[in-house]
There are 2 protein chains.
Amino acid sequence: MTRVLVVDDEPQIVRALAINLRARGYEVCTARDGGEALQVAAARLPDVVILDLGLPRLDGIDVIGGLRGWTNMPILVLSGRSDSMHKVDALDAGADDYVTKPFGMDELMARLRAMLRRNTGAESTPAVEFGDVRVDLAATRVTVNGEEVRLTPTEWRLLEALVRHPGKLRSQRQLLTEVWGPGYETAQGNLRLYMAQLRRKLEVDPARPRFFLTDPGLGYRFQP
Amino acid sequence: MTRVLVVDDEPQIVRALAINLRARGYEVCTARDGGEALQVAAARLPDVVILDLGLPRLDGIDVIGGLRGWTNMPILVLSGRSDSMHKVDALDAGADDYVTKPFGMDELMARLRAMLRRNTGAESTPAVEFGDVRVDLAATRVTVNGEEVRLTPTEWRLLEALVRHPGKLRSQRQLLTEVWGPGYETAQGNLRLYMAQLRRKLEVDPARPRFFLTDPGLGYRFQP
DNA sequence: GAAGACTGTCAGGATCCCGTCAGGATGGAC
DNA sequence: GTCCATCCTGACGGGATCCTGACAGTCTTC
């Protein structure tokens, strides 16, 4: 889950942000001043920071500097000042975006999504693991016991269609249209063929599959 | 030098931006409408795009979509509309920042710096090494056993497209749009040709490549 | 117990894909 | 104009991939 650190000294703003963020599925942690912000950031390692510039004690610019000394997590600055000098200072100090109060919640959330989208491009690849098999969906790569296994395009599409819905039954019709495209709903012999191929390459005992199960008369199921 | 693509149909804004950008050491190229923007972006491969939303003919949102189909270069949107709906739409379509007109030049430049900083900072791989080959992405330079190897522009773009995603499969479609620009998705003979050229120049045994692997039916992969 | 439906397996040929080569087109340097 | 590098198109052979059809085994149903 994506974790957001909200730094502001006004409780009502913190509460409003937290409610909206949680409603959208983010995990929220908070800090009331600059010192606490640096502490919480180091302890909880949020994916993004929303930082009010008008903080007591420690100046907002210094908080940015304190964060940038050891991390490049995205920082979105909130501020009541709309003069460009403050914006330039904050951005050049290392902030990634600058929103002036009062702000629209929709816009703030959209800017947050934009920042996160840019950052997750380099994140670790999502992978599905079961038994000795590891399926790296982002890299389009399959390994068994660390050794790479070569899959043909059709085998890969079928594997993807199964693995993307763990535990769920996928009907023959669904699999056929997903792998071979619409119009191939009757080529069930094909499905059996490639299913066997997948099991031969990925199952320990292809005759008695543990992960790629058959629901007779219905379809197949990936059981991790 | 950092290259900026400015897209706007109002000449005075283009000129003002170009003057300010050049004064700060950027290289500037321009486009007057959406179609030209996509064309220039593919041909010149700018480091960042400044895009006016109020374009004739092709809608700004569609331009964002057209760019995001094959590149993730930063996009800064300019717009006369300040209502949050347009901001949200543009940001969710793939824009990285949204500035409403009239804008302060200082602020715009600061936002530009912030975007560029993020992009070059996350990169952190100015050079890639594998076997006897060293690819210097920053300097556009390739050496094998210390000796410089000359690459043509197309060869270089292909190498870059592969090397920037180590281990990941890159589909033929991805490579074609990234190297030749959108609209060249069917020129697969080309891809094979330049792939062979790259292997001939960089692989020890071009017939049995170790780093530039092919996944039949899917695409190619750089394996360091 | 028999019939039918369903699944897993095997083999064979058609098709597609990849690497390679040659040749023409384009554009810039001199 | 000539030379040169680069880019693109088309064609060919070898190999991998895909599809079709047939057969045996298993389970359900009558």
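Sequence lines set the chain letters: A, B, ... in the order given, protein chains first and strands last, and positions in each chain run from 1.
The pair A/R173-A/E178 fails the salt-bridge criterion, with no side-chain N (NZ, NE, NH1 or NH2) lying under 4.0 Å from an Asp/Glu carboxylate O.
Here the straight-line distance linking atom NE2 of B/H86 with atom CD1 of B/I61 works out to 7.5 Å at 0.5 Å rounding.
For the pair B/T152 and D/dC7, the criterion of a side-chain N or O lying under 4.0 Å from OP1 or OP2 is met. Side-chain N/O atoms of A/W180 include one lying less than 4.0 angstrom from OP1 or OP2 on D/dC19. At the phosphate of D/dC18, neither OP1 nor OP2 sits under 4.0 Å from any side-chain N or O atom of A/N190.
The residue A/Q172 sits close only to the backbone: its heavy atoms come under 4.0 Å of sugar-phosphate atoms, none of a base. Residue-level contact check: B/Q197 touches neither bases nor backbone, having no heavy atom under 4.0 Å from any strand.
Going from atom CD of B/Q188 over to atom P of D/dA11 covers 16 Å, rounded to whole Å. As rounded to whole Å, 16 Å separates atom P of D/dC7 from atom CE of B/M195. Counting to the nearest Å, the C1' atom of D/dA16 and the OH atom of A/Y194 are 11 Å from each other.
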- prompt: Which nucleotides of nucleotides 21-30 of chain D have their base under 4.0 Å from a protein heavy atom (B), which only their sugar-phosphate (S), and which neither (-), written as one string 5' to 3'?
  reply: ----------

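Residue B/E148 places its CD atom among more than 12 non-hydrogen atoms of other residues, nucleotides or ligands, all under 6.0 Å distant.
Between A/W156 and A/V142, the shortest heavy-atom distance links the atoms CZ3-CG2, 3.3 Å. In terms of heavy-atom proximity, B/R113 sits nearest to B/Y26 at CG-OH, 3.8 Å.
Side-chain proximity of B/P153 to D/dC18, D/dT6, D/dC19: nearest is D/dT6.
If you walk DNA chain C from 5' to 3' and mark each nucleotide with an atom closer than 4.0 Å to a heavy atom of chain B, the marks span C/dC17 to C/dC21.
The closest donor-acceptor contact from the side chain of A/R68 to the backbone of A/M73 lies under 3.5 Å. Checked by atom type and distance alone, the side chain of B/R221 pairs as donor or acceptor with a backbone atom of A/T140 at under 3.5 Å.
If you find the closest nucleotide of DNA chain C to B/D215 and to A/P209, the one lying nearer the 5' end belongs to A/P209.
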task: Just do the salt bridge (charged side-chain N to carboxylate O under 4.0 Å, His left out) check on A/R111 and B/D97 with the steps written out, would you?
output: CA-CA 7 Å; A/R111 286 187 180 274; B/D97 204 345; 2.6 Å; yes

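Separation of the B/Y220 and B/F212 ring centroids does not fall under the 6.0 Å cut-off.
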